[in-house]
Q: 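After the structure tokens below, expect a handful of questions from me.
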Amino acid sequence: MIPEAWRRGEVAVVGLAVSGRAACRLLRRHGLTVYASDVKREAALEEAAQALRKSGCEVELGRHDLARIARAALVVLSPGVPPDAAPCRAARDAGVPMISELDLAARLLEETQLIVVTGTKGKSTTAALIAAILEAAGLGPGKAAGNIGYPLAEVALLDAPRPRWLAVEASSFQLHDSPALAPAVGVLTNLSPDHLDRYASLDDYYADKALLFANATESSRWVTNGDDPAVQQLARGRPGRHELFSLEVRLADAALDRSSGWLLLRGMPLVRRADLKLLGEHNVANALAASLAVPPETDRDAIAAALKSFRALHHRLEPVRELDGVLWINDSKSTTVASTLSALRSVDRPVVLLLGGKDKGGDFGSLAAALGGARGVIAYGEAAARIERELAGKVPLVRAGSDFEAVVAKARSLARAGDAVLLAPACSSFDMFTNAEERGERFRALVEAM
């Protein structure tokens, strides 16, 4: 529902990536006056701006009109806009409410039950698994929305009928600005340090994750990681029904029975671990979480079929090819030390690890134990100097520059038959690429061209 107060003024949309553009279209669909702005000015944005202007939006590129934003009835923020950005300060100082595109869209999908997934690692894969199960069971679309790359506003723009159930991935940035978000089911995959280049402290980061529970009621259902103490601390005492997934506790609501090799759902065998086409135990945890998150009455055969047919998402432990006995794996979405550690534990071969990019503040030295049998580490990009300081002498290490083609070529020269070359950078991509997807696509293209 659109509050009447928003209709009495102008809505400012800050940031015109895919979610910002979808928010503009959704607002115009509901008859609101829209001013949209982005500090960037590039060809793709110019083209998008022209389309938005035709829909009735006023669009400004290359700057934000802060005075205009301060007079707005509402500000809608794209996920990439940090809380200390000038438009946020202007809105905050003027008492203008700020929400995410995710929050805006959720308000307009009243008939859709949202299964919202967050966490430090695994949220995209878990959301995609949930979507696959919903589709197999005839309960919802096979495509997840939100931070996974498909804005929730695009779903809200669809003509009726709307989906009954929908999987949604939510980042901490989106949760920060989603005061009205009330999931039917909330999933918290795990917690570990991340985004410390944006958050002042780990507590601040976890506080945004805790906003998943902000509107908890007794009718809410929560699916959380029983093996993660930080997750359990965050979830403790929240109203609603709590269910646990676990790799270690067989009696959890969804569990891995190591003795038999079966994934169990509510005490009953669901699928064999060997039938999952996903690398790594963390992906077993993701599958358990997804199986538990869908409605309890979901057909078990549909759940099992969806899990068995699911393939790795692009840039998430994605096998690219095997060449001359070397397996090349694209895990460009591993942008934290914790996710890189999971990736290393998922590969049962000697590894050449591509490690680097824009430093996010992680402890690279903590990777040393998992790199004991590694063929080598190639440190590259802006973070290369600190990676070298923290890992030199502990693992075989080569320092490279910021020529990604040369980085991949160096990996090829180091790798031997039976090895794996793993792109799991533990850093963001913004020193050399637009995003992690572009980095992964470049890696794949270079490998496929060999």
Side-chain angles (χ1 to χ4, degrees), residues 6 9-91 96 98-105 108 143 145-158 169 171 173-174 177 198 314-315 332-333 357-358 402 404 428-442 444-445:
W6 298 359
E10 186 175 69
V11 177
V13 177
V14 178
L16 286 174
V18 289
S19 64
R21 298 198 291 268
C24 288
R25 295 197 303 275
L26 183 58
L27 289 162
R28 289 299 301 143
R29 167 78 68 87
H30 287 269
L32 280 80
T33 303
V34 177
Y35 162 72
S37 60
D38 197 300
V39 290
K40 296 178 182 177
R41 184 187 293 275
E42 51 196 40
L45 280 180
E46 292 283 3
E47 184 178 345
Q50 289 299 325
L52 291 175
R53 289 180 184 119
K54 289 179 181 177
S55 74
C57 299
E58 187 163 341
V59 183
E60 189 168 14
L61 299 180
R63 67 183 290 270
H64 300 293
D65 186 334
L66 300 182
R68 190 168 184 173
I69 289 170
R71 295 193 301 270
L74 172 74
V75 172
V76 178
L77 297 170
S78 294
V81 180
D84 61 350
C88 297
R89 293 198 304 271
V96 179
M98 292 181 283
I99 65 171
S100 66
E101 167 268 332
L102 187 77
D103 185 282
L104 170 68
L108 298 170
K143 186 174 185 179
N147 193 58
I148 201 167
Y150 178 50
L152 190 60
E154 294 285 4
V155 181
L157 282 163
L158 295 173
E169 179 192 343
S171 69
F173 303 162
Q174 290 169 314
D177 298 305
R198 171 157 166 171
H314 291 324
H315 321 301
S332 183
K333 281 285 191 173
K358 183 174 174 60
S402 295
F404 198 64
S428 76
S429 58
F430 301 131
D431 57 337
M432 297 162 62
F433 300 96
T434 303
N435 51 41
E437 289 86 355
E438 183 185 341
R439 175 171 60 191
E441 294 293 346
R442 181 65 176 145
R444 186 191 297 115

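Counting from 1, the numbers follow the sequence of the chain as shown.
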Q: Could you tell me which residues satisfy side-chain hydrogen bond (donor to acceptor under 3.5 Å, both in side chains) with Asp103, sequence neighbours excluded, listed by chain and number?
A: Arg107
Q: I'd like to know if the side chain of Ser429 and the backbone of Ala436 have a donor-acceptor N/O pair within less than 3.5 Å.
A: yes
Q: Does anything in residues 61-88 form a salt bridge (charged side-chain N to carboxylate O under 4.0 Å, His left out)? List the pairs, not counting sequence neighbours.
A: Glu10-Arg68, Glu58-Arg68, Glu60-Arg63
Q: On a heavy-atom basis, which atom in Ala49 and which in Val59 lie closest, and how many Å separate them?
A: CB-CG1, 3.6 Å
Q: Can you list every side chain to side chain donor-acceptor pair (under 3.5 Å) pair that touches residues 40-52, not counting sequence neighbours?
A: Arg41-Glu46
Q: Side chain of Glu101, backbone of Leu152: donor and acceptor closer than 3.5 Å?
A: yes
Q: Can you name the nearest heavy-atom pair linking Gly146 to Leu102, along with the distance?
A: CA-CD1, 4.3 Å
Q: Looking at side-chain heavy atoms only, is the closest gap between His314 and Lys333 below 4.5 Å?
A: no
Q: Considering only distance and modelled atom types, tabulate donor-acceptor pairs under 3.5 Å from the side chains of residues 21-29, sequence neighbours left out.
A:
residue : atom : partner : partner atom : Å
Arg21   : NH1  : Leu16   : O            : 2.8
Arg25   : NH2  : Glu154  : OE1          : 3.0
Arg25   : NH2  : Glu154  : OE2          : 2.3
Arg28   : NE   : Ser55   : O            : 3.0
Arg28   : NH1  : Leu32   : O            : 2.8
Arg29   : NH1  : Leu157  : O            : 3.3
Arg29   : NH2  : Leu157  : O            : 3.0

Q: Less than 4.5 Å apart, side chain to side chain, heavy atoms only: is that true for Pro87 and Leu66?
A: yes
Q: Might you point out which heavy atoms bring Val155 and Ala145 nearest each other, and give the distance in Å?
A: CG2-CB, 4.1 Å
Q: Quick check: do Met432 and Arg442 have side-chain heavy atoms less than 4.5 Å from each other?
A: no
Q: Tell me every residue that passes side chain to side chain contact (heavy atoms under 4.5 Å, CB included) with Lys143, counting only those two or more places apart in sequence or in another chain.
A: Tyr150
Q: When rounded to the nearest 0.5 angstrom, what distance separates CD1 in Ile99 from CH2 in Trp6?
A: 3.5 Å
Q: Could you pull out the closest heavy-atom pair between Ser37 and Ile69, with the gap in Å?
A: OG-CD1, 4.4 Å
Q: Could you tell me which non-hydrogen atom of Arg444 sits nearest to which non-hydrogen atom of His315, and how far apart they are?
A: NH2-CE1, 3.8 Å
Q: Say you draw a straight line from CZ of Phe433 to OG of Ser402; how long is it, rounded to the nearest 0.5 Å?
A: 9.5 Å
Q: Which atom pairs, donor and acceptor, lie under 3.5 Å between side-chain atoms of residues 76-83 and protein residues at least two apart or in another chain?
A:
residue : atom : partner : partner atom : Å
Ser78   : OG   : Val14   : O            : 3.2
Ser78   : OG   : Gly15   : O            : 2.9

